[in-house]
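First the structure, in the form of structure tokens, and then the observations on it.
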Amino acid sequence: MELFQRAKAVRLKSRHDKYLFADEDETHVIQDRNGASSNARWHVEAVYHGGAEPHGLRFKSRYGRYLTASNEPFLMGVTGRKVLQTTVSGRADSSVEWEPVRDGFQVRLKTRYGNFLRANGGLPPWRNSVTHDVPHRSSTQDWVLWDVEIVEIATPKPTGSVEKPVPMAEDQRRQNGSLHRHDPPTDHRRTGSMPVNHGANGAEGNAKFSKLESLDSISMPVHKVEGRQIYYRIADDNGNFDEAFEAQHFIFNGTSLDELTEKLREEVGRDDIIICTMNSITNKLMPLRLQLPPNNAAMNIVIVEESSKVAKTFPSPFGS
């Protein structure tokens with residue numbers, strides 16, 4: 001389960017270097033090499049059955065349907081059964097629950113009845129198909145092994161966090177009916193001004209400002225927020241990513257590439273990463289190896305795994 005601990009969305013790559021792929025017919029599940037497609041992206045949902053630890057996982061396709069171990073035979077006379085995309089009814093449905101069984105840096109996904117998600121190879125109709133089965137031949141034992149590529153990180157709400165109280169000025173405006181229900185609450189951290197305490201009629205303020213003619217004109221600077229915005233995406237084995245999905249982002253307060261690398265390792269939960277940028281001329285990924293841009297300029301970054309195919313094309317010391 002630890003391979004999915006911080007995952008909000010993943011790609012699953014088979015030993016055939018193809019991705020678990022939600023077919024556009026919104027029913028079938030196949031294998032495809034296009035890891036950049038949103039059809040290769042599966043949202044992860046933990047399943048709980050009364051305990052504190054998740055009992056299993058559900059994987060939801062871009063069509064809102066779940067990866068399902070059906071009872072329908074893939075072919076008559078063979079043991080493998082179809083894996084489909086289906087909707088989930090209100091009641092518990094064990095056919096959409098998968099138990100991850102770790103095997104080194106890979107995972108097997110087991111159904112409630114002991115079968116495993118299997119990426120088939122060979123000639124049609126087996127080629128690119130996906131079934132659930134128990135492999136009996138040694139040559140197909142690794143067909144149930146999957147690489148997990150996390151493409152979106154879950155950011156859980158900090159434990160023990162409390163809701164921030166509404167500033168007095170906004171609270172009083174609500175009482176006076178002057179704050180429209182669609183108006184967003186003022187975020188003083190972004191505006192750079194301190195909250196001002198107005199009286200019921202807006203004429204009386206805090207005692208410290210009693211000599212001032214107008215409190216509405218007061219704008220006091222607060223500590224300037226340092227750091228730069230980092231936007232990042234996680235590429236597949238070939239260095240592709242889907243630009244249709246919004247990039248993950250955070251504020252980085254460090255100053256060096258080493259610090260940024262360490263921060264991104266924490267974000268994605270992996271150590272074997274290379275930080276890249278997209279060359280605007282060649283439209284190819286290039287490892288980031290110099291200093292960070294000056295003046296805390298925002299950065300758009302693409303993360304690739306050290307063992308990926310695209311990493312092997314990078315110049316030394318990154319490539320092979």
Side-chain angles (χ1 to χ4, degrees), residues 2-13 17 19 34-38 40-41 44 104-106 147-158 187 189-190 192 222-320:
E2 59 269 23
L3 289 177
F4 296 91
Q5 191 169 20
R6 298 187 60 197
K8 184 176 180 180
V10 298
R11 289 186 290 253
L12 298 171
K13 187 171 69 173
D17 286 333
Y19 291 90
N34 186 9
S37 170
S38 55
R41 183 185 179 108
V44 181
F105 291 104
Q106 296 176 302
D147 291 320
V148 180
E149 297 179 359
I150 299 177
V151 294
E152 188 173 355
I153 308 297
T155 53
K157 188 176 181 180
D187 190 339
R189 292 172 300 173
R190 296 189 180 183
V222 295
H223 177 69
K224 184 180 178 181
V225 177
E226 300 294 339
R228 73 174 79 225
Q229 284 280 0
I230 302 294
Y231 298 88
Y232 69 92
R233 290 182 171 89
I234 302 174
D236 65 13
D237 196 46
N238 296 312
N240 301 317
F241 57 90
D242 193 342
E243 295 186 4
F245 288 100
E246 184 178 353
Q248 302 291 300
H249 63 92
F250 61 90
I251 295 178
F252 174 61
N253 293 307
T255 57
S256 70
L257 179 57
D258 288 340
E259 290 177 291
L260 177 58
T261 302
E262 188 59 35
K263 176 63 176 177
L264 284 165
R265 284 170 177 164
E266 294 176 6
E267 285 286 322
V268 302
R270 300 193 63 140
D271 293 330
D272 56 338
I273 62 171
I274 300 175
I275 302 175
C276 301
T277 55
M278 184 70 73
N279 188 306
S280 58
I281 299 175
T282 64
N283 208 31
K284 293 183 178 180
L285 293 178
M286 292 295 295
L288 188 62
R289 54 199 304 181
L290 302 176
Q291 295 181 349
L292 303 182
N295 302 324
N296 279 343
M299 297 180 65
N300 288 285
I301 284 171
V302 179
I303 297 175
V304 302
E305 295 182 19
E306 291 178 353
S307 59
S308 63
K309 290 180 181 178
V310 67
K312 292 179 172 59
T313 67
F314 295 158
S316 180
F318 303 100
S320 58

- Query: Under a 4.5 Å cut-off applied to non-hydrogen side-chain atoms, are V10 and I150 in contact?
  - Reply: yes
- Message: Any non-hydrogen side-chain atom of F241 less than 4.5 Å from a side-chain atom of I303?
- Response: no
- Would you call D236 and R11 a salt bridge, using N to O less than 4.0 angstrom? no
For [X], what residues pass the side-chain hydrogen bond (donor to acceptor under 3.5 Å, both in side chains) criterion, not counting sequence neighbours?
{"X": "R270", "answer": "D272, E305"}
{"X": "S308", "answer": "none"}
{"X": "N240", "answer": "none"}

- Can you list the residues that meet the ring-ring contact (aromatic ring centres under 6.0 Å, His included) rule with F105, with sequence neighbours excluded? none
Indicate the atoms forming the closest heavy-atom contact of [X] with [Y], along with that distance.
{"X": "A235", "Y": "V302", "result": "CB-CG1, 3.7 Å"}
{"X": "L260", "Y": "F252", "result": "N-CZ, 3.4 Å"}
{"X": "Y232", "Y": "V268", "result": "CE1-CG1, 4.0 Å"}
{"X": "I153", "Y": "Q248", "result": "O-OE1, 3.8 Å"}
{"X": "I301", "Y": "I230", "result": "CD1-CG2, 3.9 Å"}

Point-to-point distance, once rounded to the nearest 0.5 Å, from [atom1] of [X] to [atom2] of [Y]:
{"X": "L264", "Y": "I273", "atom1": "CG", "atom2": "CD1", "result": "5.5 Å"}
{"X": "D237", "Y": "D17", "atom1": "CG", "atom2": "CG", "result": "6.0 Å"}
{"X": "D271", "Y": "T261", "atom1": "CG", "atom2": "OG1", "result": "11.0 Å"}

- Task: Keeping to residues at least two apart or across chains, list the salt bridge (charged side-chain N to carboxylate O under 4.0 Å, His left out) pairs with something in residues 247-263.
- Result: E262-R265, K263-E267
Which side-chain N or O atoms in residues 276-294 pair as donor and acceptor under 3.5 Å with protein atoms at least two apart or in another chain?
residue : atom : partner : partner atom : Å
N279    : OD1  : I281    : N            : 2.8
N279    : OD1  : T282    : N            : 3.1
T282    : OG1  : K284    : N            : 3.4
R289    : NH2  : S316    : O            : 3.3

- Do any N or O atoms from the side chain of K312 and from the backbone of S307 form a donor-acceptor pair under 3.5 angstrom? yes
